[in-house]
Amino acid sequence: MDLDGILAAGRAAAAERMRDTVRLYSQADDVFDRNTGTTVPGAQTTLYTGPARVKSLAQASGQDTEAGEREVRLLDYEVHLPWDTLLPDGVRVLPGMRVEVTASRDARMVGLILWVTGAQFGDQATAWRIQAEDRS
């Protein structure tokens with residue numbers, strides 16, 4: 001059995017299932033402008049743009065919580081990126097980074113912003129999996 005050949009075939013099959021397009025980015029803290037009385041969103045740094053598979057996990061794992069005096073439901077997602085995806089030197093995926101769905105065959109997903117909660121690494125994986133949640 002040729003493990004490298006099997007992994008290559010598995011990674012190719014996983015890549016074929018990546019029919020969404022996403023943008024992975026970090027965002028600096030928002031800044032309050034005292035002159036205008038408004039909050040200015042922090043600068044965004046794009047780390048990856050390209051194919052992905054955005055997969056909703058069991059909604060039963062969603063958690064109700066309160067944010068900014070309103071009730072929100074945290075729904076879990078898993079974002080699959082190509083296994084060989086590289087980020088800029090010295091950058092790691094960290095909780096709080098975001099994934100924006102920019103294109104999908106399911107039009108309801110376009111514009112969805114997911115908050116990264118973790119990432120999995122492994123030399124025998126078929127895709128790079130990032131755990132995220134919808135905080136809407």
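Numbering of residues begins at 1 and proceeds along the displayed sequence.
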Checklist outcome for this item: Rounded to the nearest 0.5 angstrom, the CG-CZ distance for Asp84 and Arg11 is 8.0 Å

Checklist entry - Are Leu47 and Thr45 close enough that some pair of their side-chain heavy atoms sits under 4.5 Å apart? => result yes

Next on the checklist: So Asp30 and Pro41, do their side chains get closer than 4.5 Å, heavy atoms only?
Outcome noted: yes

Next on the checklist: Could you see if Trp115 belongs to whatever hydrophobic cluster contains Tyr25? Use Ile, Leu, Val, Met, Phe, Trp, Tyr and a side-chain cutoff under 4.5 Å.
Outcome noted: yes

Next on the checklist: If we ignore hydrogens and angles and just use 3.5 Å, is the side chain of Trp83 paired with the main-chain N or O of Gly122 as donor and acceptor?
Outcome noted: yes

Checklist outcome for this item: The reported gap from CD in Glu100 to OG1 in Thr21 (rounded to nearest 0.5 angstrom) is 11.0 Å

Checklist entry - Do you reckon Leu86 sits in the same ILVMFWY cluster as Leu7, going by side-chain contacts under 4.5 Å, direct or chained? => result no

Checklist entry - Could you state the interatomic distance from CZ (Arg135) to CG (Leu114), rounded to the nearest 0.5 Å? => result 10.5 Å

Item to check | CD-CD distance between Gln27 and Gln44, expressed to the nearest 0.5 angstrom | outcome: 4.5 Å

Next on the checklist: side chain to side chain contact (heavy atoms under 4.5 Å, CB included) for Val99 and Tyr77? Distances and angles first, verdict last.
Outcome noted: CA-CA 11 Å; Val99 175; Tyr77 283 79; over 6 Å; no

Next on the checklist: Looking at Arg129 and Ala127, would you say the former's side chain and the latter's main chain have a donor-acceptor pair under 3.5 Å?
Outcome noted: yes

Checklist entry - Side chains of Arg23 and Thr46: donor-acceptor distance under 3.5 Å anywhere? => result yes

Checklist entry - Side-chain heavy atoms under 4.5 angstrom apart, residues restricted to Ile, Leu, Val, Met, Phe, Trp, Tyr: same cluster for Leu75 and Leu112? => result yes

Checklist outcome for this item: Nearest heavy-atom contact between Tyr48 and Gly50 is OH-C, 3.3 Å

Checklist entry - Is any side-chain heavy atom of Asp76 closer than 4.5 Å to a side-chain heavy atom of Gln131? => result no

Item to check | CD1-CG distance between Ile130 and Leu24, expressed to the nearest 0.5 angstrom | outcome: 5.0 Å

Checklist entry - How far apart are the C-alpha atoms of Arg53 and Arg19, what are their side-chain angles, what is the distance that settles it, and do they pass the side chain to side chain contact (heavy atoms under 4.5 Å, CB included) test? => result CA-CA 6 Å; Arg53 178 177 179 226; Arg19 296 164 47 148; over 6 Å; no

Checklist entry - Thr117 and Ala132: which non-hydrogen atoms are nearest, and at how many Å? => result OG1-N, 3.7 Å

Checklist entry - Is it true that Leu87 and Leu81 fall in one hydrophobic cluster, defined by side-chain heavy atoms closer than 4.5 Å? => result yes

Item to check | Shared hydrophobic cluster, Ile113 / Leu94 (ILVMFWY, side-chain heavy atoms < 4.5 Å) | outcome: no

Item to check | Minimum side-chain heavy-atom gap Val116-Val79 below 4.5 Å | outcome: no

Checklist entry - Counting distance only, does the side-chain N/O of Asp20 pair as donor-acceptor with the main-chain N or O of Val54 below 3.5 Å? => result yes

